Every structure is written in structure tokens, then in C-alpha cells.
Amino acid sequence: MVEEAVEAKNQAVNKSLKEIVVETKNLEKIYDGKVHAVRGVNFELFDGEVLGFLGPNGAGKTTTISILLGIIQKTKGDFSIYGKDINDYKTIRELIGYTPQELVFYDFLTVQENAELFADCYQIQNKKARINELFDLFQLTELKRRRAEKLSGGQKRRLNLVLGMLHSPKILFLDEPSAGMDPQSRHILWENIERLSKKEGISIILTTHLMEVADRLCDRILIIDYGKIIAQGTPDELKTTYGAEELIELIMDESLDAKLNDSFIVDLRKEFSKITFHENKIKIFTKNGASLIPDIIEIAVKLDVTDYIKSLQLRGSTLEDVFIGLTGKALRE
Ligand SMILES: Nc1ncnc2c1ncn2[C@@H]1O[C@H](COP(=O)(O)OP(=O)(O)OP(=O)(O)O)[C@@H](O)[C@H]1O
Ligand SMILES: [Mg+2]
């Protein structure tokens with residue numbers, strides 16, 4: 001079994017960058033005959049790439065990952081990993097790593113004991129060296145004698161991540177790995193994931209709600225909503241295809257009367273077809289922003305709200321604009 005896995009791993013390493021390592025065809029999941037969580041998902045993960053799953057809560061990201069890992073059963077469709085189906089998983093299991101959305105380790109064991117236990121499960125040869133390497137990278141060395149239950153939320157996340165990577169997997173599934181981390185920890189996390197994916201040639205499927213992270217780290221992104229892929233491409237392709245060429249962003253003063261604010265948006269909607277409004281930010285998606293600014297000001301003057309415009313900015317689209325434009329969550333919630 002180990003020999004087969006090593007051979008599969010060697011084959012994987014030797015193949016070209018464009019090899020497909022994960023493939024799904026019309027994958028579907030209906031929970032309990034009722035909740036249609038995944039509704040026909042088709043995608044490929046190529047060798048060495050970081051593929052991002054972006055989607056609102058409940059979109060079906062974790063469900064898709066859980067099917068691929070063999071944790072839950074698909075309802076319909078097909079998928080393969082290294083060309084093998086679920087029945088052949090024993091030959092490829094060692095090539096797969098997983099950091100689940102929830103924390104999975106033993107609270108009553110220390111950081112070091114958890115790592116050793118997980119390393120033993122995978123029969124890792126150079127256990128001590130690998131643990132030390134990952135502890136150094138994810139800054140857990142100082143904490144290795146601490147009981148896991150006593151770690152902070154962000155430290156627990158880092159331990160969760162290390163445990164999924166100890167056996168040097170070739171495909172890594174990271175489900176919201178940075179939840180609850182402070183900006184510094186997130187920075188360390190993303191830098192190291194980038195470094196490891198390059199150094200060890202890991203292919204990664206990553207879910208995150210952090211758009212800047214997805215933009216920087218992912219080679220390609222799938223935007224998933226209601227169990228379907230509604231858009232896909234490189235971050236730049238998504239911005240070019242789905243983002244407006246330009247975006248006018250108005251930040252309104254919180255003291256503006258809610259009714260007046262609504263009237264302002266209603267009047268803007270009469271002039272501009274694509275507007276989103278979230279908290280005190282109004283975004284107008286357009287092709288020729290500069291020429292439209294006088295029209296916006298005119299509407300603001302008519303309603304006497306100019307004093308409540310804290311800022312008005314013209315800029316290019318971000319991935320977050322694309323995401324909100326496509327899923328409309330800011331409008332729906
Ligand atoms: N075990 C289950 N039984 C029944 N329904 C479930 C189960 N697990 C998930 N669901 C439902 O399936 C849908 C998809 O859930 P999933 O966890 O895949 O979403 P997600 O995209 O990972 O969301 P999040 O961003 O919040 O993590 C949701 O409506 C959820 O309530
Ligand atoms: Mg999830």
C-alpha cells in the first residue's frame with residue numbers, strides 16, 4: 001500500500017504542470033432528500049495550482065470538499081483524484097491533506113503530542129524534522145508544550161493547519177484556514193502557504209471569505225452560489241469579465257436620515273442600472289465613471305444630501321466588487 005502511494009506520488013511529481021489532479025463531473029449532493037446543497041458542479045484542479053472556492057455562507061463549498069475527501073457520499077455525478085475514483089482511495093489517501101473548517105485535534109494533548117500522534121497515523125519517516133519545520137513556519141515552536149485547549153483561537157487554527165500538512169500531501173484542501181486569525185497571523189499563513197505550494201509543488205483547493213487573499217493567492221477562482229459555479233477564471237479574468245471597467249464609490253455619513261438615504265438610492269437607480277448598497281457605501285458600476293460624476297452630484301443637490309457625502313471615489317473593480325456584483329449578497333442580506 002505504501003509502495004503504491006509512493007509510486008503514485010512520484011508519478012504525480014513528474015508530470016507536467018497542466019496535469020489534472022482533481023476532476024468533477026455534474027457533482028450533486030442532496031442532504032436528507034431535502035437540501036440540494038451542490039447542484040451539478042464541474043471543475044478541474046490542475047497540478048501545482050491554488051484554486052479558490054468563493055461563495056456566500058451555505059453555497060456548498062464545504063459539502064463539495066467533503067465529497068472529494070470521501071467524508072460524505074455524493075448524490076449524483078462523478079469525481080476523480082489522480083484519475084482514481086473513491087473506491088481506489090487507499091492508494092491516494094496519503095497524497096491528500098485536509099484542514100477542516102472546524103478545529104480537529106485533541107484538547108487534552110499538547111501541541112507537540114497532537115503533532116506526533118497525527119504524524120504516527122501517517123507513519124511519517126522523518127517525523128521530528130517535519131514537525132519542527134512546520135512549527136517554525138507557523139510559529140508554534142514556543143507553544144509546543146502547551147495543552148491544545150489553552151491555545152488562543154488563532155493559534156488553534158495554526159495547529160489545525162499544521163496537522164493537515166504533516167505528511168507532505170500533494171493535494172491540500174484548506175477550508176477557511178484563516179478564520180479567527182489576526183492580520184499578522186493571516187499574513188504569515190498566506191506567505192507560508194504560497195511558499196509551500198511552490199516549494200513542495202502542492203495543489204491546493206482553498207475556501208476563504210477574504211477577497212484580497214483570494215486575489216493574491218489563487219491562480220484560479222470558482223465563484224459558487226446556491227450549489228452552482230456561477231463564474232470562474234483567474235482573478236484578473238474575473239475582474240475584466242464581470243467587473244465594471246470602473247466603479248464609483250460613495251461613502252455616506254452615518255448621520256444621514258434613513259428615508260433620505262433611501263430616496264437618494266432610488267433616484268440613483270433611475271439613472272444607473274447597476275448599483276449596490278451596503279452599510280453606508282454606495283457602489284455604482286459603470287463603463288465611463290468620470291463623465292457620470294456630475295449626474296450623481298446633480299441628484300445629490302436635488303435631494304439636498306451633498307453635505308452627507310463623506311467621499312466619492314472613482315476606481316477599478318476589485319474581486320469583492322465582482323463577488324458582490326455576481327452573488328448580490330450585499331443586497332439580499
Ligand atoms: N449534514 C448536513 N445535513 C443537512 N444539510 C446540510 C448538512 N451540511 C450542510 N448542509 C446544508 O447544505 C448547504 C451547504 O452547506 P456548506 O457547509 O457546504 O456551505 P459552505 O459554502 O461551506 O458555507 P460557509 O461559507 O458558511 O462555510 C447549507 O444550506 C447547509 O445548511
Ligand atoms: Mg463551509
Side-chain angles (χ1 to χ4, degrees), residues 22-45 50-79 81 86 96-105 153-154 156-161 163-165 171-181 186 189-190 193 204-215 217-218 220-233 235 238 242 278 318-333:
V22 177
E23 188 170 22
T24 72
K25 290 206 174 108
N26 300 317
L27 204 59
E28 284 195 45
K29 176 69 186 177
I30 305 174
Y31 285 108
D32 311 320
K34 283 187 293 226
V35 184
H36 209 156
V38 177
R39 301 165 177 256
V41 159
N42 295 289
F43 72 87
E44 292 101 24
L45 170 71
V50 181
L51 180 66
F53 283 9
L54 299 192
N57 293 134
K61 306 177 298 291
T62 299
T63 302
T64 304
I65 289 177
S66 304
I67 296 171
L68 296 174
L69 287 160
I71 295 169
I72 58 168
Q73 300 238 326
K74 64 184 184 188
T75 307
K76 279 191 208 154
D78 277 311
F79 67 94
I81 297 185
I86 188 88
I96 299 172
Y98 175 41
T99 297
Q101 192 165 7
E102 69 279 15
L103 298 167
V104 182
F105 46 70
K156 284 179 180 170
R157 281 273 151 210
R158 301 208 303 260
L159 175 60
N160 211 38
L161 186 77
L163 298 178
M165 303 176 71
I171 305 174
L172 189 56
F173 293 87
L174 301 175
D175 200 354
E176 280 296 331
S178 60
M181 284 188 180
R186 283 210 302 259
L189 170 74
W190 301 123
I193 288 176
I204 297 176
I205 288 184
L206 163 82
T207 81
T208 177
H209 291 116
L210 300 171
M211 300 294 152
E212 332 81 72
V213 168
D215 198 352
L217 207 67
C218 296
R220 278 189 313 127
I221 287 171
L222 309 180
I223 298 188
I224 303 176
D225 200 9
Y226 294 122
K228 282 193 166 155
I229 297 170
I230 56 167
Q232 58 182 302
L238 287 171
Y242 299 100
H278 186 50
T318 63
L319 202 56
E320 182 160 346
D321 302 324
V322 171
F323 181 81
I324 289 177
L326 281 168
T327 63
K329 281 294 159 189
L331 286 172
R332 269 187 258 161
E333 281 182 0

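All ligand and atom numbering here is 1-based and tracks the order in the structure. Bear in mind that the values here come from a model prediction, so they are computed numbers and not experimental data.
Here T62 meets the criterion, with an N, O or S atom under 2.8 Å of the Mg ion (ligand 2). Coordination check, Q101 versus the Mg ion (ligand 2): passed, since an N/O/S atom of the residue sits under 2.8 Å.
Judged by distance alone, with hydrogens and angles left aside, the side-chain atoms of K61 form no donor-acceptor pair with the main-chain N or O of I224 at under 3.5 Å. In this structure a side-chain-to-backbone donor-acceptor pair under 3.5 Å is missing from T208 to A214. Between the N160 side chain and the P100 main chain, a donor and an acceptor come within less than 3.5 Å of each other.
N26 and D78 are not linked by any side-chain donor-acceptor pair at a separation below 3.5 angstrom, with hydrogens and angles left out of the test.
Contacts of ligand 1 (protein heavy-atom distance under 4.0 Å) are Y31, D32, V35, A37, P56, N57, G58, A59, G60, K61, T62, T63, Q101, H209.
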Decide yes or no on side chain to side chain contact (heavy atoms under 4.5 Å, CB included) for T63 and Y31, but give the supporting numbers first.
-> CA-CA 10 Å; T63 302; Y31 285 108; 3.0 Å; yes
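Annotation for E102: atom CD counts as buried by contact number, over 12 foreign heavy atoms lying within 6.0 Å.
With sequence neighbours excluded, the residues satisfying side-chain contact (heavy atoms from CB on, under 4.5 Å) with D321 are L247, K283, F285, R315, S317, T318.
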